[in-house]
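Hydrogens, waters and symmetry mates play no part in the numbers below; they use all other heavy atoms, side chains included. Residue numbers begin at 1 in each chain, while the letters A, B, ... track the order of the sequences.
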There are 2 protein chains.
Amino acid sequence: MELNERKQRILSAVIDIFIRTGEPVGSKALVGLLDNSVSSATIRNEMAELAAMGYLEQPHTSAGRIPTAIAFRLYIDKLMKRNELSEQDRRGIDGMLTHAADDPEKLIGTASQALAEETGCIAVTTTPTGKTADIRMIDVLRISSLSAALLLMSGSGLLRTKVCRFDRVISDNTLEMLSQQLNQNFCGCSLSDIGLPQIQGMVVSLGEHGLLCAPALNAFYQLVQESAEAEVLLTGQLNLLRHPDYEPERARDLLSFLAHRELLSGLLTAMPNGLRVVIGSESQRPELDGSSIIVTRYKLGGGPDGSIGIIGPLRMNYATEIPRIEYFAWSIGKILDEIMGENNGRIINEE
Amino acid sequence: MELNERKQRILSAVIDIFIRTGEPVGSKALVGLLDNSVSSATIRNEMAELAAMGYLEQPHTSAGRIPTAIAFRLYIDKLMKRNELSEQDRRGIDGMLTHAADDPEKLIGTASQALAEETGCIAVTTTPTGKTADIRMIDVLRISSLSAALLLMSGSGLLRTKVCRFDRVISDNTLEMLSQQLNQNFCGCSLSDIGLPQIQGMVVSLGEHGLLCAPALNAFYQLVQESAEAEVLLTGQLNLLRHPDYEPERARDLLSFLAHRELLSGLLTAMPNGLRVVIGSESQRPELDGSSIIVTRYKLGGGPDGSIGIIGPLRMNYATEIPRIEYFAWSIGKILDEIMGENNGRIINEE
DNA sequence: AGTTAGCACTCGGCAAGCCGGAGTGCTAAC
DNA sequence: GTTAGCACTCCGGCTTGCCGAGTGCTAACT
C-alpha cells in the first residue's frame, strides 16, 4: 500500500485536528478540511488503510482515529508546515534574554522559565557543559581558621564556589601555598582533564602541607567534577498538572521520572546535535510514553554546548514550538558569545 | 458545657485515629481505645456534645466525626503526647547533616531534602538571613574585557557571585580601584545597612571611574540585596501528589500558591520565634485551608536566623514530626556554628 | 443521674442496567 | 473508484437499587 497524496492530506488533517482538540478524529470532521472533495465514506476507507499501515489507531471500536507515534514522526519529518515566529515574538525573546543576561546560568534560567510559560510545557535546559572549557582561575578564600572557600572560574563563564573544612587550624601561609599550586597546576587545563591522579600529584607537590590540605584538594576535585557536569534545569512542572492530557497519576509518574536528573541528563547528552524530537516510546523509557521531547543545542563559542527544549504531551503544536525552541537556542548562543566576549580563553587574574 | 476528662480522652482518641486513617471516626472504633469502660452509645452522646462545642464535625449525617481545626489546636497545645526521636534517629540526622555540611546553603538543602523524605510532606526552609550579617570581603574578578564577576562573602557564611557587564572596555586599573573602594567602604558593614545612597556615594568617590563602573555598582547593590534576603527553599513537592489526602486539584492549587515565594517568605518571617504550628485556615490564606504548617527557627551564632519546617495535610503526625523538626533545627544550628567557627565577624582577606 | 441496648433512619458509595450518540465497517448501487 | 445506507459497537452519562456504616432517640437498667 502506498502513501499517496490524498492519504497524506488526510493524515495531516487528522494530526492537525488531534493536536487542536486532543480527541479521536472521525471521518465526518475531515470532509470540510478536504474541500468537500470526497465524502466521509471515502475518507473512512482511506483511514482504514492508514490504520492498517500503522499511522492511525482507534482507542476502541467505533471511536475516531488518533495518530500513532509513527504518524507524528512522519508529520514532523515530512508533512508539517513550520509556523515561524513573528518578528515581534523574536524581538520579545531577544529583549527578555538580553535583559536577564548577567551570567550564563541566570540566562539559561530565564530562558527556561520563559519557554515553559510560552509553550505551557515543561522546559528542560542544561547549563553550558564545562567539559571542553578550561580553568581560568582558582581562588582560595579564608572563611574561618578551620574553613576556606574555593572559587573556580571556567572558560565557559561559570563561576562556582565550594567550602571545605580542615581538620586542624590552617595558616595563611598554607592557604597561600595551596592557591599558588592549584593555579600553577591547573590553570588552562580543561576541566575534563582533571582526575584523581592529578589531584594526588598535588599532595606530593605541596610537601609538608599536603596532608593538611587534603580536604581542600578533595573539595577542589568535587568542584571540578560539578563544574564539568552540565546541570539539568526543569521549569514549569506545574504546567503538567494543569494540562488536560495528563491525568494526575500520569503527571506524577512523569515528574517522578524527571526528578532523576542523571537519567534525564543521559537522555539529553545522548542526542545528536541539531534539533531532535523524541516521540513517546522512541526514547525506550516507559515513563515517557505518551510524552514528546523537543530539544536542540545552543552554541557557545562555535561549538554546541548545552541543551534547551520542552517536554510535553504527544500532541504538542510542533509547527509552532519547534521554530520557537530553535530561536531560543539561537538567541542564547548569540548572547552567550556576547557575554563571554572576545577574551574567551585568555587568563586574566587580578588582585 | 465543660471539657471533662472523658471528653478529652475521647477527643484525643478521635484525633489519633483520624491522623492514622484519615477517615471519619465512628463511636464503635473508640470503645476499644477507652478500655471498653463505656459503651458506644455513651461515646455517641459525648461525641454529640463535642460536636456542639465545635471540636468535631460530620462530613454528612450518619458519618463518623472528624476533628476541626479547633480540636487540632487544642490537641497540639494540650492533649498531645510528644513522641521524641530515638537516639538512633538523632544520630542519623546528625551524621547526615555533618556529612553534607560544606557551606550553609548546601547544609540547608540537604536538611530540607531529608526532612521531606522522612515526613512525606513538603519541607520548607529558608537560608540564613544575611540581614544582620556583616560583609567580610568583596572581590572583583575579570571575566572578559567587558565583564567581571563580583564576589561577596558575608559573616553568615554565604558566598555569592554576580556577573556584570560594562558598556566599554575596562582596564585592570579601574577594576583594581573598584575592588579597593568597595572593600574600604563596605567591609564590616551590615548587609541591611547598604542602600542606594551609599552606592551613589561610591560613584563620587570613584571619581573619573565612577560612570564607567556604574554597572558594577548596580550589580553590587543587587548582590547585597539578594544576599540579605532569605531564600525560600521547597523540597518534596512530589510528596503532595502522592498523598491520599490531596486530590490532584487541591495539590495543584497548593503548589501554585507555594510557587509564589514572596508570599511564603512573608508568611514565614511574620511568625514569632520558637516552634509554631499553623493549622488550616489560621493562616488566613484560603489556599492553605486543609493544610498545616509546622515551622521553627534554627539559630546561628546565638540568634534565630532561618526557618525550617514542613507543609502537609491537616492530619499530620504532630506528635512525631514536631520533635523531629525541632531536632533538625537544633542540629543545623549546632553545625552552622561549627562551620562558621570562632572567627565569626573577623575579616580575613588573603591574596 | 448516668449508662446502655435497641431500633429506625440517613446517607454515601458501588454495581447494574439503560440509553443516546458518535463513529465505524460493510454492502450494494452509482 | 466513489458514495449512500444501514446495522453494529462501544463509551459515557444517567438512574436505580441496595448495602453498610454510623447516627440520634427512646426506653429500660443500675
Checklist entry - Within this structure, what is the CG-to-P distance between Asn45(B) and dG6(C), rounded to whole angstrom? => result 16 Å

Next on the checklist: Just N and O in the side chain of Thr61(A): are any of them under 4.0 Å from OP1 or OP2 of dC10(D)?
Outcome noted: yes

Item to check | Side-chain donor/acceptor contact of Ser62(A) with base of dT24(C) under 3.5 Å | outcome: no

Next on the checklist: Without decimals, in angstroms, what is the distance between Ile43(A) CD1 and dG25(C) P?
Outcome noted: 13 Å

Item to check | Side-chain donor/acceptor contact of Arg65(B) with base of dG24(D) under 3.5 Å | outcome: no

Next on the checklist: With a 4.0 Å cutoff (strictly under), does any side-chain N or O of Arg6(B) reach OP1 or OP2 of dT3(C)?
Outcome noted: yes

Checklist entry - Across all strands, who's sitting opposite dC30(C) as a Watson-Crick or G-U wobble pair, both distances under 3.5 Å? => result dG1(D)

Checklist entry - Taking any strand in view, what nucleotide pairs with dT24(C) in a Watson-Crick or G-U wobble way, both distances under 3.5 Å? => result dA7(D)

Checklist entry - dC7(C) C1' sits how many Å from Lys28(B) NZ, rounded? => result 12 Å

Item to check | Ionic contact status for Glu2(B) with Lys7(B), cut-off 4.0 Å | outcome: no

Item to check | Of the listed nucleotides dT4(C), dC6(D), dT3(D), the one nearest the side chain of Ser39(B) | outcome: dT4(C)

Item to check | Rounded distance in Å - NZ (Lys7(A)) to C1' (dT2(D)) | outcome: 14 Å

Next on the checklist: I need the CD1-C1' distance between Ile10(A) and dT24(C), as an integer number of Å.
Outcome noted: 15 Å

Checklist entry - Are Thr235(A) and Ser112(A) linked by a side-chain donor-acceptor pair shorter than 3.5 Å? => result yes

Item to check | Closest to the Arg44(A) side chain, choosing from dC6(D), dT23(D), dT3(D) | outcome: dC6(D)

Next on the checklist: Using heavy-atom distances to pick each residue's nearest nucleotide on DNA chain C, tell me which of Ala41(A) and Thr42(B) is more 5'.
Outcome noted: Thr42(B)

Next on the checklist: For the CD atom on Glu262(B), are there more than 12 heavy atoms of other groups (residues, nucleotides or ligands in this structure) within a distance under 6.0 Å?
Outcome noted: yes

Checklist entry - Rounded to the Å, how far apart are Glu57(A) CD and dT24(C) C1'? => result 16 Å

Checklist entry - Where the side chain of Asn83(B) meets the backbone of Thr320(B), is there a donor-acceptor pair that is under 3.5 Å apart? => result no

Next on the checklist: Does dG22(D) have its OP1 or OP2 closer than 4.0 Å to a side-chain nitrogen or oxygen of Ser27(B)?
Outcome noted: no

Next on the checklist: Any salt bridge linking Asp16(A) with Lys81(A)? Criterion: basic side-chain nitrogen under 4.0 Å from a carboxylate oxygen.
Outcome noted: no

Next on the checklist: Counting only side-chain heavy atoms from C-beta out, which of dT9(D), dT23(D), dC11(C) sits nearest to His60(B)?
Outcome noted: dC11(C)

Item to check | Whole-Å distance separating the CD atom of Glu2(B) from the P atom of dG2(C) | outcome: 12 Å

Checklist entry - How many Å lie between CG on Asn36(B) and P on dT3(C), as a whole number? => result 16 Å

